[in-house]
Amino acid sequence: MSEHQPALAASPAEWPRAIFAVAILFSVFQIVTAAFHPVSTQVLRAVHVGFLLLMVFLAYPTRGRGRPWQPLAWLLGLAGMATAAYQWFFEADLIQRSGELTDADMVMGILVLALVFEAARRVMGIALPLICGLFLAYALFGQNLPGDFAHRGYGLDQVINQLSFGTEGLYGIPTYVSATYIFLFILFGAFLEQAGMIRLFTDFAMGYFGHKTGGPAKVSVVSSALMGTITGSGVANVVTTGQFTIPLMKRFGYRPAFAGGVEATSSMGSQLMPPVMGAVAFIMAETIDVPFHEIAKAALVPALLYFGSVFWMVHLEAKRAGLAGLPKDECPDPWAAVRARWFLLIPLGVLIWLLFSGRTPLFAGTVGLALTAIVILGSALILRVSSLGLRIAFWISLGILCAGFFQLGIGVIFGVIGALVAGCWFVKGGRETLRICRDALAEGPRHAVPVGIACVLVGVIIGVVSLTGVASTFAGFILAIGRDNLFLSLVLTMITCLVLGMGIPTIPNYIITSSIAAPALLDLGVPLIVSHMFVFYFGILADLTPPVALACFAAAPIAGERGLKISLWAVRIALAGFVVPFMAVYDPALMLQGGGWVAVLYIVLKAAFAIGLWGAASIGWFMYRLAWWERLLALAAGVALILALPSTDELGLGLGALLVAQHLWRGRRRSVAQA
């Protein structure tokens with residue numbers, strides 16, 4: 001994804017007024033439609049796409065940096081909004097004549113398709129539009145191909161009808177998810193970030209881990225994991241938390257490439273960390289028709305293993321290099337940080353409770369966002385009051401008012417927010433809080449644009465796949481291989497994800513691979529959620545894998561090191577991420593998919609032991625420096641623990657126990673000799 005966002009690079013208050021106003025309108029439209037549902041889902045998707053196109057053409061130049069030429073920018077942006085207006089105004093007519101397009105329909109259909117391709121090129125570069133263009137060409141000319149991949153042939157009007165109208169193409173499930181769950185959760189994260197949640201997380205992590213062995217790197221791991229609870233954008237996390245953690249790691253002796261690798265690996269893992277996870281998790285829930293909390297539940301243990309692995313690698317590298325932590329008096333008090341901003345945790349706690357109590361992500365996101373605004377505005381009013389009794393009474397009264405939502409509807413929440421806004425207008429310092437909320441409303445669309453445009457463009461692939469049935473042909477090839485070797489099918493799927501990830505972001509990577517490869521894995525006996533999570537994981541890890549490694553190149557200028565060198569370290573640090581999906585396929589209990597608690601406990605302990613052994617083999621350190629043959633033994637034991645073959649668990653556990661016992665014995669002998 002292209003990182004240049006010239007018109008959107010500064011803080012929202014410094015944007016050109018037109019873009020700022022469009023961003024605010026975009027957020028207001030999304031909030032109102034989420035709360036009151038005044039339009040049909042088709043109109044919601046179309047207007048969402050219209051706003052995305054308007055934002056892109058106003059903010060992203062045709063090439064290079066700088067602000068786009070405004071006459072052309074407005075022409076293209078308003079053309080995008082015109083396609084939305086056409087879908088809204090002629091909604092009933094389009095439904096009645098579905099499949100029989102008029103000349104005006106064809107013009108509008110081709111226009112929106114062309115605008116989406118150009119918008120995606122400006123935001124993400126050429127790779128994703130090129131892949132989607134190949135699928136579009138296949139739909140138009142695939143009947144001329146030889147063999148099984150040839151289809152029966154489709155006219156231009158059939159292809160445009162499939163892609164530009166209805167809910168199979170550009171306005172498909174990914175666009176619906178972008179227009180509902182994803183936008184709300186991005187806005188939720190933007191409000192919390194503007195209110196100081198990043199400072200709360202980094203101060204808490206610094207207070208607990210900054211003074212321990214290798215403290216600065218552990219702060220990076222923990223703060224990125226915490227950031228994952230409110231935002232699922234890995235590259236954004238690299239840039240946000242990396243500005244603080246990478247220089248800190250370098251200052252305390254970590255190699256620049258290792259420091260960048262730790263931050264890139266930790267930040268990408270934020271997309272795996274429940275409860276919010278990344279945008280892909282919402283698309284997955286909608287695609288396979290599974291409640292979101294089931295996706296989050298399946299991701300929990302692998303995410304903990306992933307971050308546990310990174311934490312362990314950081315600890316071993318610190319031991320190997322003899323790196324101490326920060327002086328304790330330089331670390332903030334973690335609980336003082338919580339006391340200063342405890343109110344920001346309320347909406348996050350409510351959001352988690354709603355998600356895991358079976359509420360829809362749309363409901364949970366709307367309530368979470370409303371509560372965030374209420375808490376930010378309310379704290380601006382009451383934190384200036386010195387009386388503890390008055391503060392308690394204020395929060396209780398506010399809670400009772402908000403509880404009226406369950407009886408009287410969302411209007412109560414908007415009434416409370418309106419009253420708090422009015423109060424902040426007249427209180428000293430309150431207007432600063434209102435500016436924070438206003439900037440957050442603009443900040444949300446900035447982060448939503450790359451995600452949303454990717455979701456819209458991959459609708460081309462979904463539409464072509466459903467029109468031509470090419471997925472079943474491709475799945476047939478994987479099945480033919482997998483009948484003899486499931487492992488080979490998994491490796492092929494992994495390679496597909498990693499190769500695709502060289503040019504495209506995680507969302508389209510997941511959508512392309514899940515529509516083609518995941519059904520084949522399902523037919524080979526891999527459980528539904530596990531097959532999709534397998535694809536999801538490697539879509540994320542593609543951003544760490546050379547030669548492209550987007551997250552690592554985002555960390556490179558901060559670390560002052562080449563992105564490729566950072567990427568090589570990131571792959572070593574994220575070793576668990578590459579192995580856990582394979583373990584979950586062979587033992588779904590790792591993703592809490594059956595097997596009971598005994599099976600879950602066994603596979604978790606086995607995976608944790610394997611990760612511990614790999615870390616020691618990779619860094620060359622356990623309690624003391626490992627000899628070369630000890631590193632080989634640790635690697636062999638770790639590999640044996642992941643192989644789903646008869647007796648490999650016993651072999652791996654035995655070799656691992658032998659290694660640990662002799663290593664401790666050798667270390668004790670060395671201590672006695674030195675004494």
Return each pair, listed once, that meets salt bridge (charged side-chain N to carboxylate O under 4.0 Å, His left out) where at least one residue sits in residues 197-211; pairs must be two or more places apart or across chains.
-> Arg199-Asp203
Within residues 31-50 or reaching into it, pairs that qualify as ring pair (Phe, Tyr, Trp, His ring centres under 6.0 Å) - sequence neighbours excluded | Phe26-His48, Phe36-Phe414
Measure the CZ-CZ distance between Phe426 and Arg431 for me, rounded to the nearest 0.5 Å.
-> 7.5 Å
Is Ser379 reaching over with its side chain to a backbone N or O of Ile376, donor-acceptor style, under 3.5 angstrom?
-> yes
Who passes side-chain hydrogen bond (donor to acceptor under 3.5 Å, both in side chains) against Ser40, sequence neighbours left out?
-> Glu91
Close side-chain approach of Leu187 and Ile31, heavy atoms under 4.5 Å = yes
With side-chain contact (heavy atoms from CB on, under 4.5 Å) as the test, would you mind laying out the steps for Tyr171 and Val112 before giving the verdict?
-> CA-CA 11 Å; Tyr171 304 114; Val112 71; 3.7 Å; yes
Answer whether the closest heavy-atom distance between the side chains of Leu272 and Phe536 falls below 4.5 Å.
-> yes
Under the ring pair (Phe, Tyr, Trp, His ring centres under 6.0 Å) test, residues paired with Tyr176 that sit two or more places apart | none
Leu377 side, atom CG; Leu434 side, atom CG - distance, nearest 0.5 Å | 6.5 Å
Decide if atom CH2 of Trp425 counts as having more than 12 heavy atoms of other residues, nucleotides or ligands within a radius under 6.0 Å.
-> no
Take the angle between the ring planes of Phe311 and Phe209 and call it parallel below 30°, perpendicular above 60°, tilted in between.
-> perpendicular
Taking the side chain as every heavy atom from C-beta outward, state whether Phe29 and Leu44 have any atom pair closer than 4.5 Å.
-> yes
What distance separates Ser178 OG from Ile283 CD1, expressed to the nearest 0.5 Å?
-> 7.5 Å
Without swapping roles, check the side chain of Arg45 against the backbone of Val177 for a donor-acceptor pair under 3.5 Å.
-> no
Do Thr287 and Ile511 come within less than 4.5 Å of each other through their side chains, counting heavy atoms only?
-> no
Heavy-atom closest pair (Pro334 atom, Gly207 atom, distance to 0.1 Å) is CD-CA, 3.7 Å
Of the non-hydrogen atoms in Pro445 and Phe183, which two are nearest, and what is the gap between them?
-> CG-CZ, 3.8 Å
If you take all heavy atoms of Ala380 and Cys424, which pair is closest and at what distance?
-> CB-SG, 4.1 Å
Please step through side-chain contact (heavy atoms from CB on, under 4.5 Å) for the pair Val367 and Leu351, ending with a clear verdict.
-> CA-CA 7 Å; Val367 173; Leu351 178 76; over 6 Å; no
Are Ile417 and Ile374 close enough that some pair of their side-chain heavy atoms sits under 4.5 Å apart?
-> yes
Full working for side-chain contact (heavy atoms from CB on, under 4.5 Å) between Phe57 and Arg122 = CA-CA 8 Å; Phe57 289 120; Arg122 293 189 184 199; 3.6 Å; yes
Judged by atom type as modelled, is there a donor-acceptor pair below 3.5 Å linking the side chain of Glu443 to the main-chain atoms of Phe191?
-> no
Show the numbers, then the answer: is there a side-chain contact (heavy atoms from CB on, under 4.5 Å) between Val456 and Leu52?
-> CA-CA 9 Å; Val456 177; Leu52 288 172; 4.0 Å; yes
With Phe117, which residues qualify under ring pair (Phe, Tyr, Trp, His ring centres under 6.0 Å), at least two apart?
-> none
Rounded to the nearest 0.5 angstrom, the CE-OG distance for Met273 and Ser266 is 10.0 Å
Would you say the side chain of Thr41 lies within less than 4.5 Å of the side chain of Thr167, judging by non-hydrogen atoms?
-> no
So, does Thr366 use its side chain to make a donor-acceptor pair with the main chain of Leu362 at under 3.5 Å?
-> yes
Kindly write out the residues that satisfy side-chain hydrogen bond (donor to acceptor under 3.5 Å, both in side chains) with Tyr181, not counting sequence neighbours, or none if the list is empty.
-> Glu286
Do Leu53 and Leu76 come close enough that some side-chain heavy atom pair is under 4.5 Å?
-> no
For the atom pair CG (Leu128) and CZ (Arg121), what is the distance rounded to the nearest 0.5 Å?
-> 13.0 Å
With a 4.5 Å heavy-atom cut-off, do Trp342 and Trp335 have their side chains touching?
-> no
Under 3.5 Å, is there a donor-acceptor pair between the side chain of Tyr510 and the main chain of Ile540?
-> no
Rounded to the nearest 0.5 Å, how far apart are CZ of Arg341 and CZ of Phe201?
-> 11.5 Å
Parallel, tilted or perpendicular: which describes the rings of Phe188 and Phe185, with under 30° parallel and over 60° perpendicular?
-> perpendicular
Do you know which two heavy atoms are closest between Leu354 and Ala364, and how far apart they sit?
-> CB-CB, 3.8 Å
Closest non-hydrogen atom pair, Cys455 against Ile182 = SG-CD1, 4.3 Å
Okay, side chain of Thr83, backbone of Gly80: is any donor-acceptor separation there less than 3.5 Å?
-> yes
Nearest heavy-atom pair of Leu457 and Ala120: which atoms, and what distance?
-> CD2-CB, 3.4 Å
